[in-house]
Structure formats: C-alpha cells, structure tokens
Amino acid sequence: MKFLVLEQDSHEIAPLRRKDGVMLTTCNENETKSFSQWRSAMHVKISRRRVMSVLAGAGVAMRGVTASAAGDESLGAIAAANGFVFGAAAGPVIDKDLAYRELYTKHTRIVTTDVAMKMGTIAPQPGPKRFESADRLLQFCASNRIPMRGHCLIWNEWVPAWVKSMDATERRMFFDRYIEEVVGRYAGKLQSWDIVNEPFWPGHKAPGGYRLGPWYDAFGTDYVRRTFERAALVDKKTKFVLNEAQTERDDDVGRAVREGLLRLVDELKDAGVPLHAVGLQGHLQPRYPHDASRFADFVHALAERKVDIYITEFDVRDDTFPDDIPTRDAMIAETGEKFLNTVLRIPAVKMVIAWELSDNYSFYTDAAKKKNPLAERLPRPLPFDDANQRKPLWFAMARAFRNAKKA
C-alpha cells in the first residue's frame, strides 16, 4: 500500500509538484508505520458520538439564528469582532469564478497572493517582468477595500531555470535588482510582504538546517538578512514577514525548524533588520505528531522577540482520515479548532489566513487530480466545499475566534 507524502525537499524528478514548488512523492507501508499507527489510534479516539457532536455543533450554530441571518454571517466579521484578522490566499481562478470571488468579498478581511507575486510568475523568462496577475489582484482588493499581502519575495524554490543557470556573480546582481524593482513597484500598497519564505529544511543537511537553493548558493545564509535590508531601502511602510513551514510538527523536523527560526529571528533583530512579523504557515498535517503545549511554548518564545505572529497558510490535510465525508469533516474541524484554540490565546497572534477558501481550489486537490483525474475521494482541507458551502471547519473556526476574544 502507498500513501501520499508531502515533502519540503526539492528534487529534480518527482511525480507531482504543487503550485508553490513543494514536492509530492510516495512512500511504502513500512516507511509509514508510525503514521498508520496514528491513524488507527485516531479511529479509536474519535467515536461516532464525537463525530455527531462536532456536526451537531455546526447545526446548533445554524439554528441559533434565522436561515437568512446565518447565510449572512462572515467569517472575517466574526474574527474582527473578536480582535483578529481572517483572510485567505487567492489564486488566478478568482478572475474567472465569480461565485468564488464573492466568497472573498464577503468573508475575508485580508488577501494573500497565492502565486501572483512569486518569482516564477513575475520573471518566468528574461525580459520585462510580468506584473499583470499581481496588479489585477491588487485592483480587486483595492476596489473592495481589502488589504493585500505579498507572497513571497525570495524563496529558494520556484526560481525560474534561467535564473538558476546564471553564475554566482550574475545571480547576485539579479537578486538585488529584482528586489529593488518588485518591492519598489508595490511600496506602500501592501499590508505586509513575506520577504523570505521557508529558509529552513533540515532534509537538505545544510549547516543550521537551512534550505539549499540558488540564493543560499550565492550568499550563504546571509541571503536572508540581505533580502530584508534591500527591501527596506525601497519600502518604509509595509510590514516585513519571515514565513516558515513545518513548525507545527512535534518531531525532529519540526523541532529543528523551530530552533532555527528562533535563532534566525534573534540574528535579524540583533542586526537591526526591519522584521515586523513571523508567519507560521499552519498547514496542519495529522500524519505527524503535534504537541499543543510545546507548540504554544514555541509561539510564546517568538512573541518574546517582539514580533507579531501570523498564521499564514491555514488548512487541514485529510488524507489520513476516513473516506466517509461526515466523519472526515468532523475530524478536520476538530483538528483545526484545537490548533486555533491554542494559538489564538497568545496575544501576539494577530491573523489567520487560509490557503484558499474552498476545497476545489486547494493545492491538495490540484495534486490529487493530477495524480488520478478519476479519483472519487478528493481532499476537503478548507472551510468551504466545492459548492462554496460552509463545512464543519467553518463553524469550528468561528467558535475558535469567539472563544479567544481579545480584550
């Protein structure tokens, strides 16, 4: 038996690549023994009674108001009423799917660019930069008075082949010019920028657990500091964010990334770099262990370093959950709610951003369809289903926002 595994490692050959460069590979049954044991435990742990309880909670939430009023509820408004910002990443499909577009105008109070501001979109080949997609999304946000976040300026993945083929000197020159041009174009127009994305990946075995790639090759670990400093030369208003993945995992990988991230934040602060927030992606992966108490300690440790904290790419991976949709949706909702109940009680946590809004536009769904276009089981990681209807996760998120109301 084979299971799909998300890896942050980068390889030249892989069966699938998600939109942001993360690889999808498979592993055999022996390699996933601990995961299988966890899944078996989950089947025992979440009883039918618990499933019905979670689903009933959504029903109670609906019955507590008139059907019309319930339909008018906005997750963004619920979050805002309790001191948080809720938003979502938006991909190019927002230009074509008008019903999906309306979800953003109703439910989000901030929008993150999905691929529009990644280097592979802006500079896919030599010559003039391609800003059309980012400009369209910025216009949509401006016309609806929704702040926009840029994602992501510099990352050691999703770098065009023509840039990778440069020698070290050419690549350094391109690096500085690219930052100046792109940041300068959007200076003062964004709420925040993910200035550096995912600097760590222990699987690369680099000193300090850093992710390897063209910018690491060109500058060593100093590429991180350099990116922030170069961006600050042309934009004095936007909040600068260091965005990282895998910190939710309570295993060797997750702990190594946490340690590296805390160390890097200290180094950037000591260097006087303008770092305003740290983004923790929040791609919840129940195949890996998670300890809420230890994760909260880590988030508190970040907060002590005087940075805001954003949950930047929230969703719940469900491939280890049963096929039955009501059961699976209940487990997704419970996983998401427990995580949010932990982090939202930490004052430094300011916002939660889902990675897209509805299941059919999740990168997990995209990967599943590429793997098997006829697949009957598709991922359900987000608060809305493929008909743009609210799911138990939507109600779980609303409860979490309300339960963690900020003073």
Side-chain angles (χ1 to χ4, degrees), residues 8 10 20-21 112-113 115-123 129 131 134 148-160 163-164 166 168-201 204 206-245 257 260-281 302 305 307-310 312-313:
Q8 292 290 327
S10 176
D20 59 2
T112 297
T113 60
V115 297
M117 296 182 79
K118 287 176 178 171
M119 186 177 291
T121 299
I122 290 177
K129 304 294 190 297
F131 294 112
M148 191 169 95
R149 299 187 66 250
H151 174 87
C152 52
L153 182 61
I154 292 294
W155 186 22
N156 271 303
E157 307 289 349
W158 245 65
V159 179
V163 176
K164 290 182 180 180
M166 295 175 178
T169 300
E170 292 174 323
R171 205 179 306 153
R172 292 187 192 105
M173 292 176 62
F174 172 85
F175 180 93
D176 289 345
R177 290 197 303 267
Y178 178 85
I179 293 172
E180 180 179 353
E181 181 176 359
V182 175
V183 176
R185 182 183 183 87
Y186 296 102
K189 299 177 182 179
L190 304 175
Q191 181 272 339
S192 58
W193 249 117
D194 290 338
I195 296 294
V196 172
N197 190 47
E198 298 179 5
F200 296 100
W201 177 240
H204 283 170
Y210 277 86
R211 181 184 294 272
L212 300 178
W215 313 122
Y216 182 94
D217 292 344
F219 297 103
T221 62
D222 197 48
Y223 85 90
V224 178
R225 179 189 59 79
R226 187 179 185 90
T227 306
F228 278 89
E229 290 180 342
R230 300 293 298 190
L233 292 176
V234 289
D235 189 346
K236 309 293 186 183
K237 296 181 179 180
T238 301
K239 292 184 178 181
F240 288 177
V241 184
L242 177 63
N243 196 49
E244 188 54 273
V257 173
L261 190 58
L262 290 171
R263 182 176 62 250
L264 178 57
V265 170
D266 285 340
E267 292 171 356
L268 294 175
K269 286 287 190 176
D270 289 346
V273 166
L275 173 63
H276 306 107
V278 171
L280 306 178
Q281 290 183 6
L302 274 176
R305 286 154 169 82
V307 291
D308 287 342
I309 296 167
Y310 303 162
T312 52
E313 304 184 23

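Just so it is clear, the model here is predicted, and its values are computed rather than measured. FYI, side chains are in, hydrogens and waters are out, and symmetry mates aren't considered; it's all heavy atoms of this structure.
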In sequence, state the C-alpha distance, the side-chain angles, and the governing distance for Trp215 and Thr227, and then conclude on side chain to side chain contact (heavy atoms under 4.5 Å, CB included).
CA-CA 10 Å; Trp215 313 122; Thr227 306; over 6 Å; no
Can you check side chain to side chain contact (heavy atoms under 4.5 Å, CB included) on Arg211 and Glu157, steps first, answer last?
CA-CA 9 Å; Arg211 181 184 294 272; Glu157 307 289 349; 2.9 Å; yes
Could you walk me through whether Val241 and Arg149 satisfy the side chain to side chain contact (heavy atoms under 4.5 Å, CB included) test, starting with their C-alpha distance in whole Å, then the side-chain angles of each, then the deciding distance to 0.1 Å, before giving a yes or no?
CA-CA 10 Å; Val241 184; Arg149 299 187 66 250; 3.9 Å; yes
Go through Arg226 and Arg172 one step at a time and tell me if the side chain to side chain contact (heavy atoms under 4.5 Å, CB included) criterion holds.
CA-CA 11 Å; Arg226 187 179 185 90; Arg172 292 187 192 105; over 6 Å; no
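The shortest heavy-atom contact between Glu244 and Pro199 is OE2-CD, 3.0 Å. Pairing each heavy atom of Lys129 with each of Ala123, the nearest pair is CD-CB, 4.0 Å. In terms of heavy atoms, Trp193 sits closest to Leu190 at NE1-CD1, 3.2 Å. Pairing each heavy atom of Arg171 with each of Pro214, the nearest pair is NH1-O, 3.0 Å. Here the shortest heavy-atom pairing between Ala134 and Met117 reads CB-CG, 3.6 Å.
Annotation: Phe175 is in aromatic contact with Phe219 [ring centroid separation under 6.0 Å].
A donor-acceptor distance shorter than 3.5 angstrom exists from the side chain of Lys236 to the backbone of Ala232, with no hydrogens or angles considered.
Among Asn197, Ile179, Ile195, Val224, the one residue that satisfies the side-chain contact (heavy atoms from CB on, under 4.5 Å) test with Ile154 is Ile179. A side-chain contact (heavy atoms from CB on, under 4.5 Å) with Leu242 holds for exactly one of Val307, Leu261, Asp194; it is Leu261.
With a 6.0 Å radius and a threshold of 12 heavy atoms from other residues, nucleotides or ligands, Glu267 has its CD atom above the threshold.
Annotation: the span from Glu198 atom CD to Gln281 atom CD amounts to 4.5 Å, rounded to 0.5 Å. How far CZ of Phe240 is from CG of Asp235: 4.5 Å, rounded to the nearest 0.5 Å. How far CG of Asn243 is from OG1 of Thr312: 3.5 Å, rounded to the nearest 0.5 Å. Between the CZ atom of Arg230 and the OH atom of Tyr178 there is a distance of 15.0 Å, given to the nearest 0.5 Å. For the atom pair Met119 CE and Leu153 CG, the distance stands at 7.0 Å (nearest 0.5 Å).
Tyr210 has its side chain out of reach of Asn156: every pair of non-hydrogen atoms, C-beta onward, lies at least 4.5 Å apart.
Both tests hold for Arg185 against Phe131: distance to the six-membered ring centre under 6.0 Å, angle to the ring axis within 45°.
For Glu229, the side-chain contact (heavy atoms from CB on, under 4.5 Å) partners are Arg225, Val273, not counting sequence neighbours. For Lys269, the salt bridge (charged side-chain N to carboxylate O under 4.0 Å, His left out) criterion is met by no residue, not counting sequence neighbours. Residues passing the salt bridge (charged side-chain N to carboxylate O under 4.0 Å, His left out) test with Asp217: none are found, sequence neighbours excluded.
Relative ring orientation between His151 and Trp155 is described as tilted, the plane-to-plane angle lying within the 30° to 60° band.
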